[in-house]
Asker: 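I have a structure here, written as structure tokens, and I will follow up with some questions on it.
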Amino acid sequence: MIELLGLEPHDLTELVGGPGYRSMQLFEWLYQRNVQDFSAMTNLPRDLREHLATNFTAHIPEVAGAEHGIDGTTKYALKVGEDIVEAVHMPEEKRDTLCISSQAGCSFGCKFCVTARMNLRRNLSAGEIIGQVLLALRNHGKPHKFNVVFMGMGEPLHNYYNVMKAFRIMTHPRGLAISTRRITLSTVGLVPALLQLKSEPAIPNIAVSLNAPNNDIRNELMPINRMYPIEQLMSTLQELPVKQRQRITFEYVLLKGVNDSPEHARQLLRATQSVACKINLIPLNPDPHLPYQRPDEQSIDRFTGILSAGGRTVAVRRSRGPDISAACGQLGTQYIDPKRIPLGLVN
Ligand code: SAH
């Protein structure tokens, strides 16, 4: 049986055969109408429906668990093969945001992130990625404004092909028709993959997890910086074809006594001055597995004040679902294998 979820119109034509409009109808059923049962696809001829049912499958990842936070957040644990990944649905007055995973685990070893402690288990397929969106739309409906953020488990640019395939299905007018402006991909800053984005016809908004104001601190917190230091990252970002309104977002996890001083804020202003950007500060979401603390409100305010006085657009990210470990960097807590040392912590 061949899995169809995650395929684009041209793939479906190739696999299923027949005239192009038939595969477009199939494409619309799978995504736009969110129907994966072939027998319900009433505008397809009966023999085609039978052919599909005998040779193909279309599966949304199975829900292994769902936790509900007091703020309305739902965290899903989804079964993907042998592994579990998480997706987080966050309703708000004006929009809903869905945070999805691109990999089971992660190989980048950032020291403040819980998911890093799982190491990488595997890449998700495009179907497993788009399946998270279909699941959320089925359970929560599609509000007028629906944002998708690749900020769950994994490094999306480390699974480039499948992530971009899922992105194309999300934005396809006859797929989910989500505007590219409503999709954000967050990355540790993989320079070669960022360069590859330059040749794409359409790209999501880009958020970069900077998390440090200089190379010394970033080398320590994010091992990837030893390969692609801040200067190289910034010059790569300058070349990205982002529209004026869609400035790059820099995410900056505030860690008490590590990267939260006024001098760090001034260094951060300098480090980011060459890129049209906004800064999202994320006070650490603590976890017993992590050796860091969240700064107090006064230091957060002081840090924010220096950035805005320096002319940066800055926001402090209010954490959603902390009571169910659904906040940034908390995904995967219960899947940590204590015998495995995260790659980034080896040296
Ligand atoms: N790998 C990608 C996608 C994950 S996004 C990336 O790193 O960008 C997850 C975001 O949560 C990142 O911006 C990361 O810096 C932030 N984060 C990780 N651990 C955190 C923690 N313990 N508290 C707050 N934010 C955290």
Side-chain angles (χ1 to χ4, degrees), residues 75 85-88 90 97-120 123-124 129 132 147-160 163 166-167 183-191 193-194 197 204-213 217-218 220-225 228 233 237 248-256 258-260 268 277-295 300 303 315-322 325-333 336 342-345:
K75 181 172 79 167
V85 294
E86 293 176 333
V88 182
M90 295 163 277
T97 300
L98 178 69
C99 176
I100 60 175
S101 294
S102 55
Q103 299 180 311
C106 182
S107 60
F108 288 85
C110 300
K111 290 191 183 161
F112 45 82
C113 180
V114 171
T115 307
R117 304 211 145 217
M118 294 173 67
N119 288 335
L120 181 62
N123 280 337
L124 299 192
I129 297 169
Q132 298 170 57
N147 293 347
V148 178
V149 297
F150 283 91
M151 296 188 186
M153 285 183 185
E155 166 51 43
L157 292 184
H158 195 211
N159 185 13
Y160 189 95
V163 162
F167 170 73
I183 304 176
T184 300
L185 183 155
S186 178
T187 174
V188 293
L190 275 188
V191 165
L194 285 167
L197 285 175
N205 299 318
I206 300 296
V208 176
S209 298
L210 189 59
N211 298 326
I217 299 179
R218 199 163 192 263
E220 190 50 42
L221 296 175
M222 301 181 68
I224 188 67
N225 197 65
Y228 307 114
L233 178 57
L237 293 173
I248 302 273
T249 300
F250 288 114
E251 294 150 294
Y252 191 100
V253 181
L254 283 166
L255 308 167
K256 184 176 182 175
V258 175
N259 65 359
D260 65 339
L268 179 59
C277 68
K278 47 194 174 193
I279 296 180
N280 239 331
L281 298 174
I282 321 174
L284 179 81
N285 295 308
D287 184 282
H289 297 97
L290 301 174
Y292 300 106
Q293 271 94 49
R294 181 191 183 97
I300 299 173
F303 200 91
V316 180
R317 190 180 290 173
R318 200 166 53 87
S319 284
R320 300 293 306 262
S325 293
C328 301
Q330 295 187 315
L331 299 183
T333 318
I336 293 171
L343 300 175
L345 298 184

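Note that the numbering runs from 1 along the sequence shown for the chain. In each ligand, atom 1 is the first atom listed, and ligand 1 is the first ligand listed. All of these numbers come straight from a predicted model, not from anything done at the bench. Both backbone and side-chain heavy atoms feed into the values below; hydrogens, waters and symmetry mates do not.
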Asker: What distance do E251 atom CD and T187 atom OG1 have between them, rounded to the nearest 0.5 Å?
Answerer: 9.5 Å
Asker: Give a yes/no on ligand 1: does A207 have at least one heavy atom closer than 4.0 angstrom to it?
Answerer: no
Asker: Just need the protein heavy atom nearest to atom 9 (C) of ligand 1, so name the residue and atom and give the distance.
Answerer: M151 O, 3.8 Å
Asker: Testing the basics here: between C110 and V188, what is the closest heavy-atom pair and its distance to 0.1 Å?
Answerer: SG-CG1, 4.2 Å
Asker: Run the numbers for me: atoms of ligand 1, each under 4.0 Å from some heavy atom of I282, listed by number.
Answerer: 24 (C), 25 (N)
Asker: Quick one: look up the protein heavy atom nearest atom 21 (C) of ligand 1 and list residue, atom name and how far away it is.
Answerer: C328 O, 3.3 Å
Asker: By number and element, which atoms of ligand 1 are closer than 4.0 Å to a non-hydrogen atom of L284?
Answerer: 21 (C), 22 (N), 23 (N)
Asker: Got a donor-acceptor contact below 3.5 angstrom from the R317 side chain to the I282 backbone?
Answerer: no
Asker: Closest approach of P295 and L284, non-hydrogen atoms and distance?
Answerer: CD-N, 4.5 Å
Asker: Run the contact test for P286 against ligand 1 with a 4.0 Å cut-off on heavy atoms, strictly below, and give the result.
Answerer: no
Asker: Roughly how far apart are Y252 OH and N211 CG, rounded to 0.5 Å?
Answerer: 8.0 Å
Asker: Number the atoms of ligand 1 from 1 as they appear, then name those within less than 4.0 Å of a heavy atom of L290, with their elements.
Answerer: 22 (N)
Asker: What is the closest protein heavy atom to atom 4 (C) of ligand 1, and at what distance does it sit?
Answerer: G152 O, 3.6 Å
Asker: Considering only non-hydrogen protein atoms, determine which one is nearest to atom 22 (N) of ligand 1 and report residue, atom name and distance to 0.1 Å.
Answerer: F112 O, 2.9 Å
Asker: Can you tell me how far CG of L237 sits from CD1 of I248, rounded to the nearest 0.5 angstrom?
Answerer: 5.0 Å
Asker: Using every non-hydrogen atom in the two residues, find where Y228 and G189 come nearest and quote the distance to one decimal.
Answerer: CD1-O, 4.0 Å
Asker: Kindly confirm or rule out an N or O of T187 lying under 3.5 angstrom from an N or O of ligand 1.
Answerer: yes
Asker: Could you see which bit of E251 sits under 4.0 Å from ligand 1, with heavy atoms only: side chain, backbone, both or neither?
Answerer: side chain
Asker: How many angstroms lie between atom CG of N123 and atom CD of Q103, to the nearest 0.5 angstrom?
Answerer: 5.0 Å
Asker: Closer than 4.0 Å to some heavy atom of V188 - which atoms of ligand 1 meet that?
Answerer: 6 (C), 7 (O), 8 (O)
Asker: Nearest protein heavy-atom contact for atom 6 (C) of ligand 1: which residue, which atom, what distance?
Answerer: S209 OG, 3.3 Å
Asker: So which of L255, N211, V149, V253 gets nearest to atom 17 (N) of ligand 1, if we judge by its closest heavy atom?
Answerer: V253
Asker: How far does CG of N159 sit from OG of S101, to the nearest 0.5 angstrom?
Answerer: 11.0 Å
Asker: Tell me: protein heavy atom nearest atom 19 (N) of ligand 1, and distance?
Answerer: G329 CA, 3.1 Å
Asker: Can you check whether V149's main-chain N or O pairs, donor with acceptor, with T184's side chain at less than 3.5 Å?
Answerer: no
Asker: Side chain or backbone of V208 under 4.0 Å from ligand 1, or both, or neither, by non-hydrogen atoms?
Answerer: neither
Asker: Who's closest to atom 1 (N) of ligand 1 heavy-atom-wise, of P283, S186, G154?
Answerer: G154
Asker: Closest approach of V85 and M153, non-hydrogen atoms and distance?
Answerer: CA-SD, 4.0 Å
Asker: Test of understanding: given a 4.0 Å heavy-atom threshold, classify the contact between N285 and ligand 1 as side chain, backbone, both, or neither.
Answerer: both
